[in-house]
Every structure is written in structure tokens, then in C-alpha cells.
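The block underneath contains the structure these notes are about, expressed in C-alpha cells.
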Amino acid sequence: QQPVQSPQAVILREGEDAVINCSSSKALYSVHWYRQKHGEAPVFLMILLKGGEQKGHDKISASFNEKKQQSSLYLTASQLSYSGTYFCGTKALTQGGSEKLVFGKGTKLTVNP
Amino acid sequence: DAGVTQSPTHLIKTRGQHVTLRCSPISGHKSVSWYQQVLGQGPQFIFQYYEKEERGRGNFPDRFSARQFPNYSSELNVNALLLGDSALYLCASSSRTGGYANTGELFFGEGSRLTVL
């Protein structure tokens, strides 16, 4: 089951804040966040492994609410370098029983000067 | 240290042809996964290989196959190409082990962009 991300797109001015949400209709055991800049590879940001966990990476932080089956990514005082598409991924099982990541459709963030 | 490298970076094929995409993981990583990313969508899991064995397969037809070599590099093969196979094919490596390697930190290559005409 693919996680749902919102909003689909957001445009900011440098220094503004943004929140990107990721929710699932199934139980979430972990949430993975990646950023992909145009024409580049997705880059790992962070993993949240348990409910209530919060993590930070520079001025980007995230929370995980296990009960609500959702995670939020917070971008504070955005910089031009934050522009890109943000994907959340959730864990699922393959037919063979190993784990895989199922990614949402992404949230495109544009930071303007 | 070199990151994940993929080749070719771009290629154009016609319907019915077959394609082979190659991936070299980060040195020391034994797990390689393949993802398909259609424009405007998130990456979709195709295969995971660990120690030359297939550990996971996504919902893709049998036209898609892959293998991993003793040096942990990998190739993805797609036969009987369809227009819908046009996408960016991403390879990711992980330092985690076994069937759990796909849910740790993934290091992605820049991908092979396949266009099917």
C-alpha cells in the first residue's frame, strides 16, 4: 500500500518553513525520508523507527506518530538547496518475505530567493 | 570512495527489443536493489539481491530479470520492451544484510534513463 504524501507541491521563499506529511492506511513500522533533486539520485535524509521518535538533520527534522500512522517532515528557515522532491517510504514485505520500501508519489518543494 | 555507479546513463530502444542495465555498488556493500521511477512518481521496487541470491521481487512481469555477480555488481534485464517501460531505472546499494538490506539507508545511483519508442 503506497503511502500518501501531502501537499503534492509547495513553493516557498528563502527563510520560510514547510511541512510535508506522509500517511498510510496500514500500520507503519518505520518511515524513511529521501530527497531527490532534479536529474539526480535520491539521497537519504533519515529513518524514524518507532512511534514518537523525532530526528533532525541540519534544519530538517521529522516526527513519527505511530498511532496516527503518519509522519511529518519539517523544513525550517528553508534554503535554496532544499529545493527538490521529497519522498517518504514505508516498509512492506515482498512475496519472498524480505523487506522492501514503498515510496509515496513525492512532494515537490521549490525554494525561491 | 566512489558511490553507486550505473551504466548506461541514457538509452533509447524500440518496442520488442531488450535492454541490459548495469550497476556497481559502493565498495563493501553486498546488497543491490533495483527500482523503476516513472516521471512524476516515486521509485517502485523491482528486485533485491544479496550475496548473489534474489531476496525480493516486486510486482513486475517476468520480462524483468536480474542477477548479481561475485563482485556484487548487478545487471537488470528487460525483454520485449513496451512503451510503458520508459522510465528512470535506479540502483541502490546497502550495507545492511540479507532480506533487511532494503529498509536501511539506501545509496542510490543516478540511474539509467530508458526511452522506448
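Not measured: the values here are computed from a predicted model.
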Around atom CG of A:L80, are there more than 12 heavy atoms from other residues, nucleotides or ligands closer than 6.0 Å? yes

Atom of A:S98, atom of B:G56 and distance for their closest heavy-atom approach: OG-CA, 3.3 Å

State plainly whether one hydrophobic cluster holds both B:Y72 and B:F107, where clusters connect Ile, Leu, Val, Met, Phe, Trp and Tyr through side-chain heavy atoms under 4.5 angstrom apart. no

Side-chain heavy atoms nearer than 4.5 Å, only ILVMFWY residues, links allowed to pass through others: does that put A:Y29 and A:F44 together? no

Taking all atoms of both residues into account, what is the closest heavy-atom pair of B:F45 and A:T94, and its distance? CE2-CG2, 3.6 Å

Bottom line for B:Q44: the part with an atom under 4.5 Å from chain A's heavy atoms is neither

Closest non-hydrogen atom pair between B:Q37 and A:F87, with its separation: NE2-CZ, 3.4 Å

Nearest heavy-atom contact between B:F108 and A:A41 is O-CB, 3.6 Å

Note: A:Q36 and B:L88 closest approach over all heavy atoms is NE2-CD2, 4.2 Å

So for A:Q5, is it side chain, backbone, both, or neither that comes closer than 4.5 Å to the heavy atoms of chain B? neither

Answer with yes or no whether the hydrophobic clustering places B:F47 together with B:L114; edges join I, L, V, M, F, W, Y residues whose side-chain heavy atoms lie under 4.5 Å apart. yes

Would the number of heavy atoms belonging to other residues, nucleotides or ligands and lying under 6.0 Å from CZ of B:R63 be above 12? yes

hydrophobic_cluster_shared for B:L106 and A:V102, side chain cutoff 4.5 Å: no

